[in-house]
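What follows is a single structure, written as structure tokens, with notes after it.
Here is the naming used below: chain letters follow the sequence lines, and residue numbers restart at 1 for every chain. Values in this document were obtained by computation on a predicted structure and should not be read as measured data.
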Amino acid sequence: MILEKDVVVIGAGPAGLAASIEAAKAGAGVLLVDLNLKAGGQLFKQIHKFFGSRAHYSGTRGYDIGRKLVREAESLKVDVWLQSTAVGVFPGNKVGIERILDGGVKKLYTVHGKAVIIATGASENAVCFKGWTRPGVMGAGAAQTMVNVNHVRPGKKIVMLGSGNVGLIVSYQLMQAGCDVLALVEAAPKIGGYAVHAAKISRAGVPIITSHTIVEALGDEKGTVRGAVIAKVDSHFQPISGTERTIECDTIAIAAGLRPVVDLTRLMNCASVFEPVFGGFIPLHNTDMETSVKGIYVAGDSTGVEEASVAMEEGRIAGTAAAQSLGYLSAAEAGKTKKLLWERVNSLRSGPFGERRLTAEKNLLEHFREEIREPQPEIMIGGLAHGAD
Amino acid sequence: MSSKGIPDDMLVCRCEEITADEIRQAIREGARDVTGVKRRVRAGMGLCQGRICEKFVQQILCQELHMGLVQTGRSTARPPVRPVPFGELARGCGNDL
Ligand SMILES: Cc1cc2nc3c(=O)[nH]c(=O)nc-3n(C[C@H](O)[C@H](O)[C@H](O)COP(=O)(O)OP(=O)(O)OC[C@H]3O[C@@H](n4cnc5c(N)ncnc54)[C@H](O)[C@@H]3O)c2cc1C
């Protein structure tokens with residue numbers, strides 16, 4: 001016997017939660033699965049106040065946004081399975097789920113979703129230097145989970161690699177948790193993240209060492225990290241020999257970017273492209289957030305690493321489109337909603353970084369239209385208009 | 001990355017414990033993409049299914065064969081995408097309970 005649901009949503013981050021909420025609001029029966037103990041995805045690690053616009057909860061802490069979304073999903077009777085991992089999506093929209101039940105027993109389930117929305121987020125990039133596999137070298141996101149979710153310090157003396165927003169914010173949060181951040185090392189000649197976040201670090205006296213990289217993680221007699229060897233890099237980011245120096249530390253955290261988790265869309269052979277602006281290989285999708293495989297939708301960081309605000313809007317679009325495809329919304333109703341949501345996504349993609357994403361998104365939609373299929377007739381909007389410039 | 005590339009003795013695939021040298025050897029033996037490397041030396045065949053090392057294997061292929069990243073391809077995704085113990089598969093489907 002296969003369980004039946006209108007919509008199965010994989011991943012309960014902001015994208016998956018928003019998608020579930022929209023689909024359930026329209027009347028669809030929704031199952032939302034997440035492998036974690038709690039719904040909220042990345043939001044539960046974000047104890048800082050969010051940047052972005054008022055409409056997107058700027059000034060609100062990530063976990064408060066997460067809580068609000070979870071409450072809304074619950075009030076709409078979304079079925080939420082936690083500690084439940086989607087281990088495969090198979091032809092005919094069947095989702096294989098490994099679920100941990102009370103008492104720790106694991107069981108496999110197959111759930112057929114008339115529509116399936118994949119919102120699996122992103123994973124951290126590793127960096128390969130000598131000693132990178134030593135205990136004590138970890139992703140910045142992992143360090144953040146340890147302090148903010150599990151309330152465990154990853155170490156006492158930390159060196160952070162990467163000065164994007166993740167590197168800056170996590171450094172500060174490690175300090176709030178009582179760790180010593182000895183240095184933030186950045187290969188580029190200037191700081192990558194926002195000035196406000198960098199200022200907090202600098203004010204606390206942590207040096208941000210630009211044009212440098214980590215060349216080796218030194219180990220103690222047990223093999224765990226006892227120091228980071230850093231070196232200056234030339235204009236091609238090559239370490240300059242003779243410039244090495246050692247910083248004694250017990251933890252090296254790496255904030256070298258994220259990339260979309262696309263294992264499930266790959267399994268379904270969804271057409272994909274390589275788009276560096278969005279963090280790597282991503283599934284192509286149309287203005288419904290539907291992939292080349294009918295009935296499979298994507299949203300959030302798994303279709304391009306951006307922000308929670310964009311992830312929520314994309315989730316809402318996917319949820320609306322899925323509900324429409326099942327007859328819960330008329331084309332006119334859904335069209336109006338989607339148009340509004342796309343306008344909001346576009347408005348979020350402003351500024352120098354945003355504009356690159358706006359252009360990349362437009363190219364992806366174009367590509368989908370040319371190679372996969374024509375869009376649903378009812379929409380397209382502003383800068384993203386199908387066919388128009 | 002250094003222009004000399006990832007040093008030969010560096011562990012690239014930590015699940016299967018494969019070094020850069022072994023990956024270069026696979027390329028010398030004819031591997032032309034990520035899948036070719038995986039078939040020869042198992043890089044990307046372990047618990048994480050290449051989630052961590054695929055990028056490094058692609059980097060080495062690009063450097064050794066002067067090819068573009070997209071040409072290095074990706075390994076075929078296979079279910080389960082996360083490790084599942086055999087016992088659980090044998091226990092059968094929770095749906096029927
Ligand atoms: C340090 C840091 C600071 C940030 N600050 C901001 C900010 O100020 N403002 C802002 O807008 N954004 C911010 N972001 C970005 C934001 O957190 C992400 O863009 C957003 O969480 C992406 O949402 P998502 O739903 O796509 O993915 P996620 O939040 O990553 O959620 C994906 C979920 O899917 C689950 N999952 C994955 N695979 C499976 C599977 N096979 N089966 C079941 N479940 C699965 C995961 O467990 C996870 O819960 C920040 C990110 C970081 C790391």
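- What you find for K55(B) and A126(A) is that their closest heavy atoms are NZ-O, 3.0 Å.
- The contact between A86(A) and chain B is made entirely by backbone atoms, counting heavy-atom distances below 4.5 Å.
- Taken from NZ in K106(A) to CG in L89(B), the straight-line distance is 11.0 Å, to the nearest 0.5 Å.
- Only the backbone of F129(A) comes within contact range of chain B, with at least one heavy atom under 4.5 Å from a heavy atom of that chain.
- Put simply, CH2 on W132(A) and CD1 on I6(B) are 8.5 Å apart, with the number rounded to the nearest 0.5 Å.
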Verdict with supporting geometry, R51(B) and D263(A), side-chain contact (heavy atoms from CB on, under 4.5 Å): CA-CA 9 Å; R51(B) 246 199 306 273; D263(A) 38 14; 3.3 Å; yes
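- In terms of heavy-atom proximity, C128(A) sits nearest to L11(B) at SG-O, 4.3 Å.
- With respect to chain A, the highest number of heavy-atom pairs below 4.5 Å among Q49(B), E88(B), R74(B) belongs to R74(B).
- In R78(B), the CZ atom is not crowded: 12 or fewer heavy atoms of neighbouring residues, nucleotides or ligands sit closer than 6.0 Å.
- For a residue to count as touching a neighbouring chain, one of its non-hydrogen atoms must lie under 4.5 Å from one of that chain's; by this rule I97(A) does not touch chain B.
- Heavy atoms of E17(B) lying under 4.5 Å from chain A are absent altogether.
- Taking chain B as the reference chain and counting heavy-atom pairs below 4.5 Å, the highest number among V127(A), T213(A), V111(A) is found for V127(A).
- For V262(A), the part sitting under 4.5 Å from any heavy atom of chain B is the side chain, from C-beta outward, and nothing else.
- Proximity to chain B (any heavy atom under 4.5 Å) is shown, for R99(A), by neither the backbone nor the side chain.
- Under a 3.5 Å cut-off, the side chain of R82(B) and the backbone N or O of T85(A) do not form any donor-acceptor pair.
- The part of V261(A) that comes within reach of chain B is its side chain, from C-beta onward, which places non-hydrogen atoms under 4.5 angstrom from that chain.
- Heavy-atom pairs under 4.5 Å with chain A peak, among V84(B), V70(B), T76(B), at V84(B).
- The nearest pair of heavy atoms linking E98(A) to P83(B) is OE2-O, 4.3 Å.
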